[in-house]
Novice: 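Okay, here's the structure, questions in a sec.
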Amino acid sequence: MAVSGRTTWEAAHLTFFGKLGDRVVGAPSILAADFAELAEEVRRAERGGAKLVHFDAMDNHFVPNLTVGPAVAASLAAAVELPIDAHLQVTNPDNLIPSFIEAGVVGISVQPEVVTHLHRTLDLIRTGGCEAGVALNPTTSPESIEWALPYVDYINVMSVNPGFGGQDFIPEMVEKVRRLKVMTSVPIEVDGGITVETAPLMVEAGAQILVAGSAVFKGDPATEMRRIIEAGERASQHFS
Ligand code: DX5
Ligand code: ZN
């Protein structure tokens, strides 16, 4: 059957998000790490229980910042055990998706605000054997991706404007997570301003993948990652 359909496709390709079940997991964002020792920074967060690496690619067009691309993702994938989730904050993601797939990442999320043919882009990601995500700007409505949901393996709810680490959490995004949970069972990742204080709010609303940059790398990454995960897990138990 077509790659877009889940039935045969999921058995072979749902490697991380599709196998999450009801777990709450932590994902360090490399944006706040020391890039000179990126692999070691990831291993430090892994010692704190991280299960995924969040890899922010930025192009100075969609966002004012400029970071790293597929070459660094390939080096990191070869150096660390954790799977990598690439968050493409770029205006022409289709141009980069094949290289990120080749680099060995497990998931690729795109910003629908800059994708003209979202179905085609999600299909490109899945065809390459990766899980496909959409990352929603704070003012992008959940309903705008309703017809894309059959082709989406995870949703990244941005709780800051994309582009920089260390910004203030936007509290209305808790309600957005809640709304998405009513619409879909696709796992929800939250990204931006996630801390020991905000992680429980997002988990109570239904989020499962906690991306955190500055809150992890501001101190000992293992300790800080563990604190965030445990805060999320407590909220999850409280919720269920
Ligand atoms: C922002 C990025 C985030 C960023 C989060 O555009 O998508 O992943 O690293 O950083 P913190 O956790 O510091 O808000
Ligand atoms: Zn991100």
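Numbering of ligands and ligand atoms starts at 1, following listing order.
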Novice: Could you pull out the closest heavy-atom pair between Ile209 and Pro187, with the gap in Å?
Specialist: CD1-CB, 3.9 Å
Novice: Looking only at heavy atoms, which two atoms of Ala207 and Val190 are closest? And how far apart?
Specialist: CB-CG1, 3.7 Å
Novice: Any side-chain heavy atom of Met58 sitting closer than 4.5 Å to one from Val90?
Specialist: no
Novice: Which protein N, O or S atoms sit under 2.8 Å from the Zn ion (ligand 2)?
Specialist: His54 NE2, Asp56 OD1, His87 ND1, Asp191 OD2
Novice: Among residues at least two apart in sequence or on other chains, which ones pass salt bridge (Lys or Arg N to Asp or Glu O under 4.0 Å) with Arg227?
Specialist: Glu224
Novice: Would you tabulate the polar-atom pairs, meaning N/O of ligand 1 against N/O of the protein, with distances under 3.5 Å, reported to 0.1 Å?
Specialist:
residue  : atom   : partner : partner atom : Å
ligand 1 : 6 (O)  : Gln89   : OE1          : 2.6
ligand 1 : 6 (O)  : Gly163  : N            : 2.7
ligand 1 : 7 (O)  : Asp56   : OD1          : 2.9
ligand 1 : 7 (O)  : His87   : ND1          : 3.3
ligand 1 : 7 (O)  : Gln89   : OE1          : 3.2
ligand 1 : 7 (O)  : Asp191  : OD2          : 3.0
ligand 1 : 8 (O)  : Ser29   : OG           : 3.4
ligand 1 : 8 (O)  : His54   : NE2          : 3.4
ligand 1 : 8 (O)  : Asp56   : OD1          : 3.3
ligand 1 : 8 (O)  : Asp56   : OD2          : 2.7
ligand 1 : 8 (O)  : Asp191  : OD1          : 2.6
ligand 1 : 8 (O)  : Asp191  : OD2          : 3.2
ligand 1 : 9 (O)  : Ser29   : OG           : 2.7
ligand 1 : 9 (O)  : Asp56   : OD2          : 3.4
ligand 1 : 12 (O) : Gly213  : N            : 2.8
ligand 1 : 13 (O) : Gly166  : N            : 2.8
ligand 1 : 13 (O) : Ser214  : N            : 3.0
ligand 1 : 13 (O) : Ser214  : OG           : 2.4
ligand 1 : 14 (O) : Gly193  : N            : 2.8

Novice: Would you call Phe16 and Val25 a side-chain contact if the rule is heavy atoms closer than 4.5 Å?
Specialist: yes
Novice: Is there side-chain contact between Leu88 and Phe62, with heavy atoms separated by less than 4.5 Å?
Specialist: no
Novice: Taking side chain as C-beta onward, heavy atoms only, is Gln89 less than 4.5 Å from Asp56?
Specialist: yes
Novice: Can you list everything that forms a salt bridge (Lys or Arg N to Asp or Glu O under 4.0 Å) with Glu37? Sequence neighbours excluded, please.
Specialist: Arg44
Novice: Please answer whether the main-chain N or O of Gly133 pairs with a side-chain N or O of Asp153 as donor and acceptor at a distance below 3.5 Å.
Specialist: no
